[in-house]
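A short worksheet on the structure shown next.
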Amino acid sequence: MKETFTPTKLALIGMICCLLFVSALFAGCTQSTTTSLATATPTAAPVTPAPTPVVVATTAAPTTVATTATPKPSFTPSENNIVVYTAASLTGASNTIGSSFNKAYPSTTVSFDLDGTQALKTQIENGAYADNFISASNSYTNTLNNEGYFVAGSVQPLATNYIIVILPPANTANIQSLADLAKPGVKIAMEQKAVPAGTASLAVIANLANDTLSQSWANATMSNVVTYETSEPAVAAKVALGEVDAGFVYQSTATAAPSGTYTTLTIPQKDNYLQTYTIAVLKGSKNQAAAAEFEQFMLSSAGQQILAQYGFSAP
Amino acid sequence: MIPDRFRLRNYRQKVTYLAAGILIAAVTLYLALPIVALFLRMTPGLFFATLNNPDVVSALWLSLFTTCITLTIVVLVGTPFAYFHSRYSYPGKMIVDTLIDLPLVLPPAVAGVALLVLWGRVGILGMYLNMYGITIAFTTLAVIMAQIFVASPFYLRQAKSLFEQLDPAYEQTARTLGASSLRILTRVTVPMTAGGLISGAVMTFGRALGEFGATIMFAGNLPGVTQTMPLAVYVGMEGTNINVGLTISILLVIISFGIMIAVRLIQRQEAKHA
């Protein structure tokens, strides 16, 4: 008896394993976007103590009046939820945007996938699912537009931003002006050059070198860079921690931060780099109506007000 | 009766073989296909052309340099540590045992944050070092420290269990012949467990080479100084230069294969001796 049973058992186990494996494969395929979201959304939460994080609606949303009877997991690209691939510099504003939009359009919730625009672009090009794309870089938006990822006519300018230098309040390196960034021993954090804020910072340094400061200042400043971070908030974090003496970030970051978080060095507008944020609806969106509503909301005075509150300028 | 039973068994056996075959093929393909895809995405010409890219070259040398130092430190400190740890009992030994395993389950990004808040310029210890003008965060030293933190458990665990399993009779014999502890360690214990120790060291090397999360948190990302190969892959794939990302990925696959083959050869050698 034993002999006849063992192979059957084996076969059973094998088939169950196969089934599990195949189902896991399918699950892995369909949920690849959701897992990235699940990890991305919590990062948004601790940055600003926003009222109630209604962005991920199913977890806890007692404030919303019109909660549907069947609580679907909001982070899957279902009909009630839109996935917005969002430039990381909007991390602070994203909670407020999500909850305000949900108030205006109670049937739709928003999930933000926040990362450097360059990373989001690569993800979209490799098949990531998103309904909207908020880009901090005109050139990446244009590339994706030329590659045919966006609904025709949906690409709109959303906001603008300038580069600013932030210093930790202690300012142990005693940096008083932009010229001081070139002092030996100063530690500077910057975004890597593919990050839109990094591109802009490099342009600003080049402009300053050609204008008020010198090429040797630019060289010394660049050699003081100790890290090229992969997103704009990562630079702000290194400054806030006090681990570096200065960081190149967006003006919005300095404006939105609680007072006392940073000291700032402004860069003259003539030498600065105007970064234009754009918003678009993706062709692959299964919920283009809701995505278009979200874009309208962002371009409306309500959306613009939130952006202004977080330090972004109008386009 | 008999042919019936025979047929049934035969049928069952066929199902077993079929299921086993599908299972083995599925697992193998699942693991192998991504690697194959990586090679298919690159042409050999482009691969060799990109090898000369300064970012690739500096990341390769930095990675090899830091992992070699990491390995040397882990082996030199870890071997006597594991020896004493396995030979003596002391208060809190259980806690030490747990701590050795901790980096294996701790997410590397958390390890990086922890290192930063301890050794960073405003960190608990780092602030005192900073008074003497010593900075660790965002230097090559930080890369090595992150690698040691994350990768040393592979060697420590291996060495510990090898020393524990070694028949104490050999060491006792050496001791009765008047050998000192150090001499016993270097002449008896280590040679008798060398194969296992080397495979542990190779695993540590591999883990250190692949270190990403703790490095980017604690050491930052500066080409030539702290941008190791995995960081260069990440930055490359973010759009700076996708060919750089792919080329380094392929290099890392080749190195990883080399590591696995080395471990296999050592284990086979070991089996022959046993």
Side-chain angles (χ1 to χ4, degrees), chain A residues 3-22 24-25 28 115-123 125-126 137 139-140 143 168 170 172 185 187-196 198 223 225-231 234-235 237-238 241-245, chain B residues 5-6 8-27 29-30 55 107 109 113 116-117 119-123 126-127 130-131 133 135-139 142 215-223 225-227 231-232 234-242 245:
Chain A
E3 277 175 345
T4 49
F5 262 105
T6 348
T8 340
K9 268 188 184 169
L10 255 174
L12 251 172
I13 293 166
M15 285 198 307
I16 289 168
C17 285
C18 258
L19 266 174
L20 276 175
F21 183 80
V22 170
L25 259 182
D115 208 336
T117 306
Q118 80 292 350
L120 299 175
K121 171 183 167 275
T122 312
Q123 285 173 19
E125 285 173 335
N126 284 286
S137 155
S139 75
Y140 289 144
T143 312
T172 43
K187 286 176 188 294
I188 299 173
M190 200 185 274
E191 299 81 5
Q192 60 121 329
K193 61 177 185 257
V195 181
S223 69
V225 175
V226 292
T227 180
Y228 290 100
E229 297 291 321
T230 56
S231 71
V235 172
K238 296 272 149 78
L241 276 172
E243 290 298 341
V244 293
D245 301 312
Chain B
R5 261 188 74 186
F6 182 73
L8 188 65
R9 265 185 82 172
N10 201 16
Y11 164 75
R12 281 176 173 166
Q13 208 159 39
K14 269 184 183 160
V15 169
T16 311
Y17 287 154
L18 186 70
I22 292 173
L23 190 63
I24 289 169
V27 171
L29 285 178
Y30 185 76
D55 281 352
V113 174
L116 189 64
V117 294
W119 295 107
R121 198 170 61 167
V122 290
M127 58 192 274
N130 191 44
M131 287 175 191
T135 39
I136 293 173
F138 310 112
T139 61
T215 310
I216 203 162
M217 285 281 173
F218 180 44
N221 174 37
L222 187 67
V225 180
T226 59
Q227 191 184 76
L231 269 65
Y234 186 73
V235 170
M237 293 315 284
E238 280 200 320
T240 9
N241 191 343
I242 285 169

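No hydrogens, no waters, no symmetry mates; every other heavy atom, side chains included, goes into these values. Quick note on labels: first sequence line is chain A, next is B, and so on, each numbered from 1. Given the structure is predicted, the values throughout are model-derived calculations rather than measurements.
- Contacts between B:M217 and chain A at a heavy-atom distance below 4.5 Å involve the backbone alone (N, CA, C, O).
- To the nearest 0.5 angstrom, B:W119 atom CH2 is 13.0 Å from A:E243 atom CD.
- The minimum heavy-atom distance linking A:K238 with B:I216 is given by the pair NZ-O, 3.7 Å.
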From CA spacing to verdict: side chain to side chain contact (heavy atoms under 4.5 Å, CB included), A:Y228, B:V235: CA-CA 10 Å; A:Y228 290 100; B:V235 170; over 6 Å; no
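- For A:T172, the part sitting under 4.5 Å from any heavy atom of chain B is the side chain, from C-beta outward, and nothing else.
- In terms of heavy-atom pairs under 4.5 Å with chain A, the best-connected choice from B:T226, B:L116, B:N130, B:V117 is B:L116.
- Residue contact with chain B, scored on non-hydrogen atoms closer than 4.5 Å, involves the backbone and the side chain of A:L241 alike.
- Heavy-atom distances place no part of B:L231 under 4.5 Å from chain A, backbone and side chain included.
- With rounding to the nearest 0.5 Å, the separation of CE in B:M237 from OG1 in A:T230 is 14.5 Å.
- For B:V122, the parts sitting under 4.5 Å from any heavy atom of chain A are the backbone and the side chain alike.
- Of the two parts of B:T139, neither the backbone nor the side chain holds a non-hydrogen atom closer than 4.5 Å to a non-hydrogen atom of chain A.
- Distance check: B:L222 CG to A:Q192 CD gives 12.0 Å after rounding to the nearest 0.5 Å.
- Neither the backbone nor the side chain of B:L18 comes within contact range of chain A, judged by heavy atoms closer than 4.5 Å.
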